[in-house]
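Quick one: the structure is below, questions incoming.
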Amino acid sequence: MLLLGTLVLLTGRMYAQHPVSGVVKSNSGELLPGVSILVKGTSKGTITDIDGKYSISADNLKDILVFSFVGMEKQEIPVDGRSAIDVTMRASTIGVDEVVVT
């Protein structure tokens, strides 16, 4: 009976999910709707709502969240056991020599 109890406990922890939520803003303080958030190395993801809020479940406390948005620098932020992660996205700068006009 003790062995069965231990097995159930370990199996439950193995499949446990860790909810993470937060708000994504620009460096000027504007809320960013439509930011993509992915758990690195998986196909699990979500996007921010109209208020820049998101919620996602990480399978592991050591997972890394990848935040990306058009015109902003991609950011990779480790969960590190946190349940709330607010992110400030920085504008991406492109040089004129990188723009192709057809």
Side-chain angles (χ1 to χ4, degrees):
M1 193 61 129
L2 181 60
L3 180 60
L4 180 61
T6 304
L7 182 62
V8 169
L9 181 64
L10 291 176
T11 304
R13 286 182 182 226
M14 190 167 61
Y15 292 106
Q17 293 191 349
H18 181 73
V20 179
S21 60
V23 177
V24 182
K25 298 179 181 180
S26 68
N27 55 352
S28 63
E30 297 173 354
L31 300 173
L32 293 176
V35 175
S36 296
I37 300 110
L38 290 172
V39 177
K40 189 173 185 175
T42 72
S43 60
K44 184 183 290 189
T46 189
I47 60 170
T48 56
D49 66 11
I50 192 86
D51 297 319
K53 296 178 183 177
Y54 73 93
S55 180
I56 192 167
S57 292
D59 294 330
N60 186 331
L61 296 177
K62 303 260 185 215
D63 278 341
I64 296 174
L65 300 181
V66 180
F67 295 81
S68 59
F69 190 66
V70 175
M72 300 286 186
E73 293 177 6
K74 184 189 300 186
Q75 292 191 36
E76 296 186 5
I77 300 176
V79 173
D80 286 335
R82 296 177 288 178
S83 58
I85 300 174
D86 293 336
V87 177
T88 301
M89 303 287 290
R90 293 181 300 271
S92 165
T93 56
I94 58 170
V96 175
D97 59 332
E98 297 177 26
V99 177
V100 177
V101 179
T102 57

So, using side chain to side chain contact (heavy atoms under 4.5 Å, CB included) as the criterion, who are the partners of Ser55 when residues are at least two apart? Ser21
In Å and rounded to the nearest 0.5 Å, what is the CD1 to CD1 distance from Ile56 to Ile85?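 Between atom CD1 of Ile56 and atom CD1 of Ile85 there are 10.0 Å.
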Using the side chain to side chain donor-acceptor pair (under 3.5 Å) criterion, which residues pair with Lys62? Sequence neighbours excluded.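 In terms of side chain to side chain donor-acceptor pair (under 3.5 Å), with neighbours along the sequence ignored, Lys62 is linked to no residue.
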How would you list, by chain and number, every residue that makes a side chain to side chain contact (heavy atoms under 4.5 Å, CB included) with Lys74, sequence neighbours excluded?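 Result, side chain to side chain contact (heavy atoms under 4.5 Å, CB included) vs Lys74: Val66, Ser68.
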If every non-hydrogen atom of Gln75 is compared with every non-hydrogen atom of Met89, which pair is closest and at what distance?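 The answer is NE2-CA, 3.4 Å.
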Applying a strict under-4.5 Å side-chain criterion to I, L, V, M, F, W and Y, I'd like to know whether Met72 and Ile77 cluster together.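 Linked, Met72 and Ile77 end up in one cluster.
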With a 4.5 Å cut-off on side-chain heavy atoms, are Leu65 and Val39 touching?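 Yes, close enough: below the 4.5 Å cut-off.
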Co-members of the apolar cluster containing Leu61 [side chain, <4.5 Å]: none
For residues 24-32, run the donor-acceptor check on the side chains, cut-off 3.5 Å, and write out each pair with its distance to 0.1 Å, sequence neighbours left out.
| residue | atom | partner | partner atom | Å |
| --- | --- | --- | --- | --- |
| Ser26 | OG | Ser28 | N | 3.3 |
| Ser26 | OG | Ser28 | OG | 2.9 |
| Ser26 | OG | Glu30 | N | 3.2 |

Pick one: which of Ile37, Asp49, Val23, Val35 meets side chain to side chain contact (heavy atoms under 4.5 Å, CB included) with Tyr54? Ile37
Rounded distance [0.5 Å steps], CG in Asp63 versus NE2 in His18: 9.5 Å
With a 4.5 Å heavy-atom cut-off, do Ile47 and Ser36 have their side chains touching?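 Ile47 vs Ser36: side chains touch.
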Residues at least two apart in sequence or cross-chain that pass side chain to side chain contact (heavy atoms under 4.5 Å, CB included) with Leu38, listed by chain then number, are none
